[in-house]
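Since the structure comes first, as structure tokens, the remarks are kept for the end.
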Amino acid sequence: YAPYVARVPQRPGLTRHASGNTVEVDRARHALDLALSGADVAVVSGGDAGVFGMAAAVFEALDEAVADDPRYATVPVKVLPGITAAHAAAALAGAPLGADHALISLSDRLKPWPVLVARLRAAARAGLAIALYNPRSRTRPDQLAAAKAELLQEIPGDRVVVVARHVGREGQSLTQTTLADFDPQTVDMGCLVIIGAPATRVGATGRVWTARYVRD
């Protein structure tokens with residue numbers, strides 16, 4: 001994806017291949033083609049490649065490629081762990097994901113909206129803290145508000161909410177609010193939204209954390 005590749009410093013012998021945002025499998029197949037030809041290839045993700053990143057797309061493309069041409073089975077794929085957005089945002093806030101939690105993408109490009117809603121409500125009923133990836137975009141301006149309405153059917157409005165923007169980059173900011181007061185219109189794709197669990201609280205110093213224990 002072009003904005004992520006642009007963060008990789010140029011150096012002699014490095015060729016950067018930029019691509020669009022919704023062509024993950026095509027991008028992965030291009031990387032496999034380059035690797036099969038003998039190049040050393042890195043597929044860049046914005047956080048941890050294995051969490052809503054490019055690793056799954058590479059393995060999907062690899063399975064398809066091997067079915068067409070067994071030579072692709074000789075291409076080694078190594079997944080390097082990184083810091084995913086939810087955990088970077090949680091560290092900025094304190095420790096809101098310090099107990100059981102769920103990571104859910106609000107994009108319905110690869111899964112139906114009813115499936116997404118069912119997962120949201122199930123996580124809320126289970127008492128999990130929820131980190132929302134891809135919360136709101138120009139093409140999906142209303143889904144975050146719809147998700148908030150669904151969550152309010154399961155959890156109280158005073159549940160802690162944290163919105164982290166541009167974590168680790170210029171313009172980094174953190175907003176703390178409640179589910180009832182949370183305004184989805186203030187969120188864009190540069191944000192990560194964390195909905196607290198029943199045991200999530202704002203500590204004496206203003207940091208947000210989730211207790212490691214659950215009481216009846």
Query raised in the report: Do the side-chain N and O atoms of Ser105 and Ser107 include a donor-acceptor pair separated by under 3.5 angstrom?
Result: no
Query raised in the report: According to a 4.5 Å side-chain heavy-atom criterion applied to Ile, Leu, Val, Met, Phe, Trp and Tyr, with indirect links allowed, do Val23 and Met189 form part of one hydrophobic cluster?
Result: no
**Report entry** Donor-acceptor contact present, side-chain Lys111 to main-chain Leu106, <3.5 Å
**Finding:** no
**Report entry** hydrophobic_cluster_shared for Tyr4 and Val41, side chain cutoff 4.5 Å
**Finding:** no
Query raised in the report: So with a 6.0 Å cut-off around CG of Asp40, is the heavy-atom count from everything else above 12?
Result: no
Query raised in the report: Would the number of heavy atoms belonging to other residues, nucleotides or ligands and lying under 6.0 Å from CZ of Arg169 be above 12?
Result: yes
Query raised in the report: Under 4.0 Å between a Lys/Arg side-chain N and an Asp/Glu carboxylate O for Arg165 and Asp188?
Result: yes
**Report entry** Listed partners of Leu92 passing side-chain contact (heavy atoms from CB on, under 4.5 Å), at least two apart
**Finding:** Val167, Gln172, Leu174
Report task. Determine, stepwise, if the pair Val202 / Trp209 fulfils side chain to side chain contact (heavy atoms under 4.5 Å, CB included). Result -> CA-CA 7 Å; Val202 180; Trp209 61 283; over 6 Å; no
Query raised in the report: Is atom CG of Asp108 surrounded by more than 12 heavy atoms (other residues, nucleotides or ligands) closer than 6.0 Å?
Result: yes
Query raised in the report: When rounded to the nearest 0.5 angstrom, what is the spacing between CD in Gln143 and OG in Ser137?
Result: 7.0 Å
Report summary line: CZ of Arg159 to CD of Glu154, rounded to nearest 0.5 Å, is 10.5 Å
**Report entry** Exam field: side chain Ser45 to backbone Met54, donor-acceptor pair closer than 3.5 Å
**Finding:** yes
Report summary line: Residues at least two apart in sequence or cross-chain that pass salt bridge (charged side-chain N to carboxylate O under 4.0 Å, His left out) with Arg140, listed by chain then number, are none
Query raised in the report: Is there a side-chain contact between Val58 and Arg27 (heavy atoms, below 4.5 Å)?
Result: no
Query raised in the report: Under a 4.5 Å cut-off applied to non-hydrogen side-chain atoms, are Ile155 and Ile195 in contact?
Result: yes
Query raised in the report: Would a hydrophobic clustering, with Ile, Leu, Val, Met, Phe, Trp and Tyr connected at side-chain separations under 4.5 Å, put Ile194 with Val51?
Result: yes
Query - Arg29 and Glu60 ion-paired at < 4.0 Å - result: no
Requested in this report: Using the six-membered ring wherever Trp is involved, compare the ring planes of Tyr133 and Phe52 and label them parallel, tilted or perpendicular (cut-offs 30° and 60°).
Outcome: tilted
Query raised in the report: Between Val79 and Val25, is there a shared hydrophobic cluster once you connect ILVMFWY residues whose side-chain heavy atoms come closer than 4.5 Å?
Result: no
Query raised in the report: Checking Thr178 side chain against Asp158 main chain: does a donor-acceptor pair fall under 3.5 Å?
Result: no
Query raised in the report: Between OG1 of Thr74 and CZ of Arg71, what distance do you get to the nearest 0.5 Å?
Result: 8.0 Å
Report task. Please name all residues satisfying side chain to side chain donor-acceptor pair (under 3.5 Å) with Arg119, sequence neighbours left out, ordered by chain then number. Result -> none
